Amino acid sequence: MNERYDYAEIESKWQKKWVDENTHRVTESDSKPKYYCLEMFPYPSGNLHMGHVRNYSIGDVIARYKTMHGFNVLHPIGWDSFGLPAENAAIKHNTPPAKWTKENIANMNRQLHAMGLSYDWDREVTTCLPEYYKWTQWLFLQFYNKGLAYKKGASVNWCPGCHTVLANEQVVEGACERCDSIVEKKSLEQWFFKITDYADRLLEDLDKLEGWPTKVKTMQENWIGRSEGALIQFKVQETDDVVEVFTTRPDTVFGVSYMVLAPEHPLVEKLIDGTDKAEEVRAFVKKVQQMTEVERSSTEMEKEGLAIGAHVINPANGQVVPILIGNYVIYEYGTGAVMGVPTHDERDFFFARKYNLPMTVVVQPEGVSLTPETMEGAYTAEGIMVNSGQFDGMTNTEAKKAIVAWLEEKGQGKLKVNYRLRDWLISRQRFWGAPIPIIYCDHCGAVPVPEEQLPVLLPQDVNFKPSGESPLKYMDEFAQTTCPVCGAPARRETDTMDTFVCSSWYYLRYTDAHNDQKPFAKDKADYWMNVDQYIGGVEHAILHLLYARFFTKVLKDIGLVSVDEPFKNLLTQGMVLKEGSKMSKSKGNIVSPEEIIGKYGADTARLFILFAAPPERDLEWNDQAVEGCYRFINRIWRLVEEFSRSHDGKCVAYGEFGDLGKAEKDLRRLTHTTIKRVSEDVGVRFNFNTAISAIMELVNGMYQYREQGNNEQVMAEAIETLILLMAPFTPHVTEELWQGMGHTDSVHHQTWPTVDEKALIAEETTVVIQINGKVRDKINLPMNMDSKEVENLVLALPKISEQLTGKDIKKVVVIPNKLVNIVVG
RNA sequence: GCCGAAGUGGCGGAAUUGGCAGACGCAGCGGACUCAAAAUCCGCCGCCGUCAAAAGCGUGUGGGUUCGAGUCCCACCUUCGGCACCA
């Protein structure tokens with residue numbers, strides 16, 4: 001063993017050995033319990049960033065810790081390698097996306113190895129390779145056969161920056177999630193996955209996810225946006241048409257004083273065509289449609305409406321009320337029509353005041369009589385029904401059910417659950433994605449590509465147009481084909497799939513990464529699933545995590561897997577910040593992992609990133625604190641190296657300890673309390689920062705012992721424990737030291753140290769003495785002393801009795817082995 | 001507006017069940033070693049106060065429960081995140 005800690009030599013030596021010996025390969029085995037530890041796989045942008053380092057360091061500690069606990073640990077990695085940056089690079093530098101991606105993967109692969117991560121590299125998956133996307137396409141076909149993939153014309157989100165449509169989940173405050181361009185609306189024929197069919201299960205099963213942060217579950221809950229209410233039908237007075245509204249307040253139907261339609265509602269044109277209102281209404285509709293999505297959905301927007309001259313009949317009381325169109329009614333939500341009840345809805349109240357629409361109170365607080373003229377806002381709380389025929393006198397909660405039942409009997413209403421969640425738009429007008437395996441035939445329509453013809457391969461030699469449009473559309477050799485049904489000339493779908501489709505099932509592919517008959521064998525997926533611990537950034541709380549849950553449920557329904565949730569436990573890590581903001585090129589505050597590893601080694605980089613903050617919290621990068629971690633590793637190195645050198649390169653513990661002195665007992669107690677603390681911090685709480693600080697305390701104790709203690713068995717035990725506890729955090733240096741201590745097998749194949757309960761027992765304890773809750777003295781007492789005895793002893797202490805003279809002792813509280821509080825008047 | 005998380009020294013953070021607030025680390029200060037420096041080892045390090053001590057104050061604010069509150073309850077403030085003319 002070197003006297004100096006030479007991280008560069010040590011790390012490359014062990015990394016090579018781990019690769020050569022395939023150290024981290026796993027197979028299914030019944031002899032051990034399984035554990036599936038997964039980190040969100042990276043997009044191969046070209047270089048690892050600190051967020052990756054954090055993500056993979058956390059995962060690696062968990063995987064190594066579980067391995068040392070006797071689990072059969074699956075810890076895989078791969079590449080989420082379809083997507084826009086490759087295509088943009090292709091347009092800019094005229095390199096094929098496949099080449100650019102391959103080079104990036106090679107470089108990042110090297111960087112991952114330099115971190116000393118315990119991946120089973122035999123299971124590496126790359127989503128942009130045909131051997132993977134063949135099965136993405138195959139899964140699309142399964143969805144298609146189940147009726148869960150369909151094409152429809154719809155008003156969709158178009159990102160002018162990315163030249164493609166986006167899913168709702170990819171639009172953030174009206175802008176593109178990737179490039180921040182303002183999203184436009186376009187009417188296009190697009191492919192969708194019917195995620196709304198699973199809305200209820202996706203919502204309900206959130207309850208099963210006890211190992212998920214509430215934050216993420218709440219975000220998904222909000223996104224799904226379930227709301228219970230009723231559909232109510234209003235007949236149009238002038239025609240035979242019926243307007244259906246969705247409302248969460250069917251109890252207020254007797255108070256309806258108008259109806260508002262979204263400008264896009266198809267009935268609008270029908271009802272005004274040929275009337276004298278037609279021009280005015282069309283102008284209004286045009287004005288609304290010219291607003292951007294952001295303007296239109298802003299809460300500050302002035303609510304405007306316009307009566308269109310037609311009327312509806314209230315099914316509850318037969319009243320005839322006017323139909324308006326309003327700029328605040330969203331066609332995509334509910335039925336695109338709302339009933340206006342000014343007295344019991346804030347928005348309706350101000351809208352009605354503005355346009356002088358009538359108001360009727362139908363719910364009021366018990367014992368109070370509300371009058372519309374004196375109301376200053378809508379009454380939205382619970383109350384008693386009035387002006388509502390046979391429902392008068394009921395509570396409005398009772399009336400909700402009763403009125404819907406009554407309307408249902410009349411065939412004019414029913415209960416309805418509404419969701420905010422929209423179907424998942426998966427078409428992308430881009431090249432670098434998995435082609436959607438559909439063929440369009442003039443005779444047979446849209447025909448799925450037969451399974452045996454998969455994969456639909458992306459062409460190799462591609463000329464990108466500067467417009468950014470997908471070149472597939474213009475490549476006849478790709479687009480032209482024959483109909484699999486009738487054999488006539490036909491055209492392929494040239495849209496590709498959203499990359500989130502590829503990443504919705506990769507965790508299943510890892511369980512059987514090279515299967516060329518199926519996406520994965522069921523028995524292998526069943527052996528490894530669920531993912532026991534999933535780790536990644538909170539930015540995927542909705543998109544990826546919702547889609548992956550949806551996929552798992554569909555795959556369960558078609559019998560491909562047995563689980564209905566993919567990720568049992570979820571850890572959402574915080575961001576890595578520098579000078580208070582996220583590291584980014586534009587801010588110029590990036591710290592390169594490669595540089596840090598070059599300067600201090602991977603062990604230091606890993607240790608710092610785990611020590612600086614608990615994993616969920618944002619982490620402020622601090623160069624000096626990194627050095628502190630480097631110093632700590634050196635401190636361990638010196639301690640172990642010196643001991644080993646003075647013991648002929650042997651530090652293998654240990655027989656019986658015999659009778660030990662105080663310093664020896666203290667170190668043994670420290671050693672074993674450290675095992676206990678680190679085991680809880682790593683295994684239960686994932687608080688790696690406090691686990692590391694506990695180990696630091698142990699090292700401090702060992703330095704002290706070196707001056708005071710003289711039993712070398714005790715020191716040897718502490719050293720061996722220290723190395724084992726550090727092994728998951730700093731795998732290289734611990735391996736080197738382990739060998740230097742005379743061991744011949746790998747530290748990473750050792751069993752996690754166990755706590756010797758006897759060593760934990762202390763003979764003495766420090767008891768705090770308080771007077772009226774303020775600390776006045778401390779005293780060392782034998783453990784488990786009788787309370788009354790403690791009380792007498794404490795009251796007799798000079799310092800205490802002095803302060804008690806002339807005071808009236810009201811009560812003495814004794815907490816055994818901890819504290820005495822004397823209450824005086 | 002609704003939902004969620006957080007607020008502790010100069011800084012990152014700790015306090016797991018209501019029981020010594022500030023573990024551990026960074027920065028800072030002092031000492032040892034050295035011709036000197038670096039490295040290393042040892043010590044100090046909330047505020048106020050003092051020669052030194054004692055006393056006092058102190059976990060966003062204001063109340064409350066309790067022998068005892070960073071921790072529990074009520075009200076509020078601030079920051080961050082999500083959702084939002086959702087009918």
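Chain A is the first sequence line, chain B the second, and so forth, proteins listed ahead of strands; every chain is numbered from 1. Because the structure is predicted, anything quoted here is derived from the model rather than measured.
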| remark: Closest of C20(B), A15(B), C83(B) to the Arg685(A) side chain is A15(B)

| note | Of A14(B), C26(B), G13(B), the nucleotide closest to the side chain of Thr690(A) is A14(B)

| message | In whole Å, I'd like the distance from the CZ atom of Arg706(A) to the P atom of C42(B). | response | 8 Å

| message | Within the 4.0 Å heavy-atom criterion, would you say Val329(A) contacts the bases, only the backbone, or no part of the nucleic acid? | response | base

| Can a salt bridge be assigned to the pair Glu641(A) and Arg645(A) using a cut-off of 4.0 Å between side-chain N and carboxylate O? | yes

| request: Write down the partner of C76(B) under the Watson-Crick or G-U wobble criteria, each distance required to be under 3.5 Å. | output: G60(B)

| query | Would you say Lys354(A) has more than 12 foreign heavy atoms packed within less than 6.0 Å of its NZ? | reply | yes

| message | Need to verify one output field. Residue with the more 5' nearest nucleotide on RNA chain B, Arg347(A) or Asn772(A)? | response | Asn772(A)

| A14(B) versus C67(B) - spacing of their P atoms, nearest Å | 31 Å

| field | C1' gap between C45(B) and G31(B), integer Å | value | 15 Å

| message | I want to verify a distance call: between C20(B), C67(B), G12(B), whose nearest atom is closest to the Val775(A) side chain? | response | C20(B)

| With respect to the phosphate group of A55(B), does any side-chain polar atom (N or O) of Arg776(A) fall under 4.0 Å of OP1 or OP2? | yes

| message | Just the rounded figure in Å: distance from P of G13(B) to CG of Asn687(A). | response | 12 Å

| said: Which nucleotide wins on minimum distance to the side chain of Lys774(A), given the candidates G4(B), C20(B), C57(B)? | reply: C57(B)

| query | Lys778(A) side chain N/O closer than 4.0 Å to the phosphate oxygens (OP1, OP2) of C20(B)? | reply | no

| task | For Ile542(A) and for Arg638(A), find the nucleotide of RNA chain B with the closest heavy atom, then tell me which residue's nucleotide is more 5'. | result | Arg638(A)

| task | Using the C1' atom as the reference point in each nucleotide, state the distance between A23(B) and G13(B) in Å, no decimals. | result | 10 Å

| request: Go ahead and name the base partner of C83(B); Watson-Crick or wobble counts if both distances stay under 3.5 Å, otherwise write none. | output: G1(B)

| task | Name the closest nucleotide to the Thr248(A) side chain, picking from C24(B), A87(B), U16(B). | result | A87(B)

| request: Report the base-pairing partner of G18(B) (Watson-Crick or G-U wobble, both distances below 3.5 angstrom), or none. | output: none

| field | U79(B) versus U71(B) - spacing of their P atoms, nearest Å | value | 22 Å

| query | Which part of the nucleic acid does Glu680(A) contact within heavy-atom distance under 4.0 Å: base, sugar-phosphate only, or nothing? | reply | base

| query | In whole angstrom, what separates Ile609(A)'s CD1 from G12(B)'s C1'? | reply | 13 Å

| d(CG, Leu231(A); P, C86(B)) in whole Å | 18 Å

| request: Please tell me which of the listed nucleotides, G25(B), C67(B), G56(B), lies nearest to the side chain of Phe611(A)? | output: G25(B)

| Checking all strands, does Glu697(A) fall into the base, sugar-phosphate, or nothing category for heavy-atom contacts under 4.0 angstrom? | sugar-phosphate

| task | Kindly point out which of A21(B), C42(B), A87(B) is positioned nearest to the side chain of Phe246(A)? | result | A87(B)

| request: To the nearest Å, give me how far apart CD1 (Ile769(A)) and P (G68(B)) are. | output: 19 Å

| task | For Glu244(A) and A87(B), give me the distance from atom CD to atom C1', rounded to whole Å. | result | 14 Å

| message | Over all strands shown, is Asp345(A) touching base, sugar-phosphate only, or nothing at heavy-atom distances under 4.0 angstrom? | response | nothing

| task | Quick one: classify the glycosidic conformation of G9(B) as syn or anti, with syn meaning within 90° of 0. | result | syn

| request: Between A87(B), U16(B), A27(B), spot the one nearest the side chain of Gln624(A), thanks. | output: A27(B)

| note | Whole-Å distance, Arg617(A) CZ to G4(B) P, equals 20 Å

| message | From the set G82(B), G19(B), A87(B), return the single nucleotide nearest to any side-chain atom of Asn821(A). | response | G19(B)

| field | Nucleotide nearest Arg631(A) (side chain, heavy atoms from C-beta), chosen from G19(B), C83(B), C26(B) | value | C26(B)

| said: Under 4.0 Å, heavy atoms only, any strand: does Gly225(A) hit a base, just the sugar-phosphate, or nothing? | reply: nothing

| task | Indicate whether OP1 or OP2 belonging to A15(B) is found under 4.0 Å from a side-chain N or O atom of Arg677(A). | result | no

| query | Can you check the Met696(A) CE to G12(B) P distance for me, whole Å? | reply | 17 Å

